[in-house]
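Working notes for the structure below.
Keep in mind it's a predicted model, so treat the numbers as computed, not measured.
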Amino acid sequence: MKPGEKKNFVLIPFLGLIEAGDTKKETMERIERARADKEIADKKTLRRLRKKFPNCTIVQDGLSWNIIPREDVEL
């Protein structure tokens, strides 16, 4: 980026700020790439939580994760 050059960004609430491309198609590709990256990160987090809390129900609520213990099992 050169000094004085401006960049445009797109704000998507669950993804954050994403740099806009030169064309609409390029912008949509960047949004899809960001969605895929977020989905991969969420799956990693879910896998780690399932290992740490094997007998619990784990639900994602927005940006947070809810760990609900089953009634017959103690943490």
Side-chain angles (χ1 to χ4, degrees):
M1 184 171 170
K2 297 177 184 175
E5 186 179 348
K6 294 183 180 182
K7 287 190 174 185
N8 294 323
F9 292 90
V10 177
L11 175 63
I12 299 179
F14 59 93
L15 293 175
L17 288 174
I18 299 171
E19 186 177 346
D22 295 332
T23 63
K24 185 175 180 179
K25 182 179 178 182
E26 187 178 326
T27 302
M28 292 305 295
E29 288 173 358
R30 289 181 183 184
I31 291 171
E32 290 300 320
R33 197 173 322 127
R35 280 185 185 156
D37 291 344
K38 182 176 182 340
E39 187 174 332
I40 290 169
D42 288 346
K43 286 182 180 180
K44 285 181 183 178
T45 302
L46 180 60
R47 196 169 43 245
R48 289 179 184 152
L49 288 172
R50 282 188 177 156
K51 280 184 181 180
K52 191 170 183 178
F53 303 101
N55 295 319
C56 297
T57 303
I58 301 169
V59 180
Q60 185 177 12
D61 184 23
L63 297 176
S64 64
W65 293 87
N66 294 327
I67 301 170
I68 305 165
R70 296 193 180 130
E71 293 180 14
D72 58 336
V73 179
E74 292 185 25
L75 289 177

Original post:
How many angstroms lie between atom CZ of Phe9 and atom CG of Leu17, to the nearest 0.5 angstrom?
Top reply: 7.0 Å
Subject >> Exceeds 12 heavy-atom contacts within 6.0 angstrom, atom CG of Asn66 >> reply: yes
Original post:
Taking all non-hydrogen atoms of both residues, which atom of Pro69 and which atom of Cys56 are closest, and how far apart?
Top reply: CA-SG, 3.8 Å
**OP:** Measure the spacing between CG of Asp22 and CG of Asn8 and express it to the nearest 0.5 Å.
**Re:** 9.5 Å
Would you list the atom pairs, donor with acceptor, under 3.5 Å between side chains in residues 37-48 and any protein atom, with sequence neighbours excluded?
| unit_1 | atom_1 | unit_2 | atom_2 | d |
| --- | --- | --- | --- | --- |
| Lys38 | NZ | Asp42 | OD2 | 3.1 |
| Thr45 | OG1 | Ala41 | O | 3.0 |

Subject >> Hydrophobic cluster partners of Val10 (side-chain heavy atoms under 4.5 Å) >> reply: Ile12, Phe14, Leu15, Ile18, Met28, Ile31
**OP:** Could you tell me whether the side chain of Thr27 and the main chain of Thr23 form a donor-acceptor pair under 3.5 Å?
**Re:** yes
**OP:** Side-chain contact test, heavy atoms from C-beta onward, threshold under 4.5 Å: evaluate it for Glu29 versus Glu32 and give yes or no.
**Re:** no
